[in-house]
2 protein chains.
Amino acid sequence: MSNTSIYTEKLRESGLRPTRQRLKICEVLFSPEKTFHFTINDLTKMIEDKMSEKISLATVYNTIHAFKKKGYLKEISINSDKSYFDTNVTEHHHFFDEDTNELIDCSNDDIDSVNIKKNITGKKIKSVEVLIKVASDNQNQN
Amino acid sequence: MSNTSIYTEKLRESGLRPTRQRLKICEVLFSPEKTFHFTINDLTKMIEDKMSEKISLATVYNTIHAFKKKGYLKEISINSDKSYFDTNVTEHHHFFDEDTNELIDCSNDDIDSVNIKKNITGKKIKSVEVLIKVASDNQNQN
DNA sequence: CAATAGTTTAGAATTGTTTTAATGTAAATG
DNA sequence: CATTTACATTAAAACAATTCTAAACTATTG
Ligand SMILES: [Mn+2]
Ligand SMILES: [Mn+2]
Ligand SMILES: [Zn+2]
Ligand SMILES: [Zn+2]
């Protein structure tokens, strides 16, 4: 059950020492078999509720940013209210459920690969991601 | 040059009376031949600089939200710092230039239409939009 | 002309995020 | 091991975008 050495390695790679608080963050982020999406608030709640570890917001932000910079996390922008992060760091597409505000990975089998015919001159394509907004059938979509 | 009746109509359709301030907003948004992308800050500056009309931020926000709700404007989320709005309300794709932070419409000729093979059960697809992040060739992309 | 409904505004409040500065802890040095 | 130095945690302050409030203003209606 203890992946501590893996977490320690990830922290070191991100330029951070493996402290108690940071290892708790790693446990929440990297121990589930499935990848998931979260907000900073979600994550802080998980650490304080499930792990009964008091943690400062500043520490959460610092650690998440270091992981993002290193590529262990991705940031997804859906709306301007708050930032969503993704433990699935591969290039992939998303469904966004407007009823529940839920972000769901779109398997590569569910979508044909996107073909860009013309790019901006002098620029290199860094990523191509599709966002599919969905809602229940009978719903006004403002 | 005066499209005032068109603006008045748009405002009425959005549930707003055509006041001086709101007509200035319309002039900036809907008189250019080309559609464009803007932030609330951009828009406020344009109104105060180019139109020499003092306007309250609250009025700008209110009016923009009413237009968005009615479908006369679209909101585009690129990052969580601030909201971008788009006077092009058709479903379309974007290039985002990470060097300049510029948002550029992707013509439908430049991209093959995206084919979703499997959708979330019980949900209807409201929009499918592609975001292509680009940057100059020699550039670190954290 | 009232009375009423809607509008503008400055500023306050709120929210998500970042920064600060003090205190705490671990690693390195000798 | 004692000391020094580097890094970490934290609460609270600062900040920036956005929303809300409440008072003054304007237009519309009866
Ligand atoms: Mn929003
Ligand atoms: Mn913000
Ligand atoms: Zn994802
Ligand atoms: Zn656009």
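Naming: A, B, ... by sequence-line order, numbering from 1 per chain.
Distance B/Lys45 NZ to D/dA17 P: 10 Å, rounded to the nearest Å. Rounded to whole angstrom, the span from the CZ atom of B/Arg12 across to the P atom of D/dA27 amounts to 13 Å. Remark: C1' of D/dA16 and CG of A/Asp81 are 15 Å apart, rounded to the nearest angstrom. Put simply, NZ on A/Lys54 is 16 Å from P on C/dG24, counting in whole angstrom units. The interatomic distance linking A/Ile64 (CD1) with C/dT17 (C1') rounds to 14 Å, in whole Å. In this structure, B/Glu75 places its CD atom 14 Å from P of D/dA17, rounding to the nearest Å. One can place CD of A/Gln21 at 14 Å from C1' of D/dA11, the figure rounded to the nearest angstrom. Atom NZ of B/Lys82 and atom C1' of D/dC15 are 13 Å apart (whole Å).
A/Thr19 comes within 4.0 angstrom of the backbone, heavy atoms only, and of no base. A/Ser83 comes within contact range of the sugar-phosphate backbone alone, with a heavy-atom separation under 4.0 Å but no base atom that close.
For B/His65, a side-chain nitrogen or oxygen approaches OP1 or OP2 of D/dT19 to under 4.0 Å. At C/dT17, one or more side-chain N or O atoms of A/Tyr61 fall inside 4.0 Å of OP1 or OP2 (strictly under the cut-off). The shortest distance between the side-chain N/O atoms of A/Arg22 and the OP1/OP2 oxygens of D/dT9 is below 4.0 Å. For A/Thr59, a side-chain nitrogen or oxygen approaches OP1 or OP2 of D/dT10 to under 4.0 Å.
Nearer the 5' end of DNA chain C, as judged by each residue's closest nucleotide, is the contact made by B/Pro18, out of B/Pro18 and B/Leu57. DNA chain D is contacted by both B/Ala58 and A/Ser56; A/Ser56 maps to the nucleotide lying nearer its 5′ end (nearest heavy atom per residue).
A salt bridge links B/Asp112 and A/Lys117; the closest N-O separation between the charged side-chain nitrogens and carboxylate oxygens is under 4.0 Å.
No side-chain heavy atom of A/Leu23 sits under 4.5 Å from any side-chain heavy atom of A/Glu27.
Under a cutoff of 6.0 Å and an axis angle of 45°, A/Lys10 and A/Phe30 form a cation-pi pair.
The nucleotide whose nearest atom lies closest to any side-chain atom of A/Arg17 is, among C/dA26, C/dT7, D/dT10, C/dA26.
Counting only N and O atoms by type, the side chains of A/Asp42 and A/Thr39 include a donor and acceptor under 3.5 Å apart.
Taken from CZ in A/Phe85 to CD1 in A/Ile40, the straight-line distance is 4.5 Å, to the nearest 0.5 Å.
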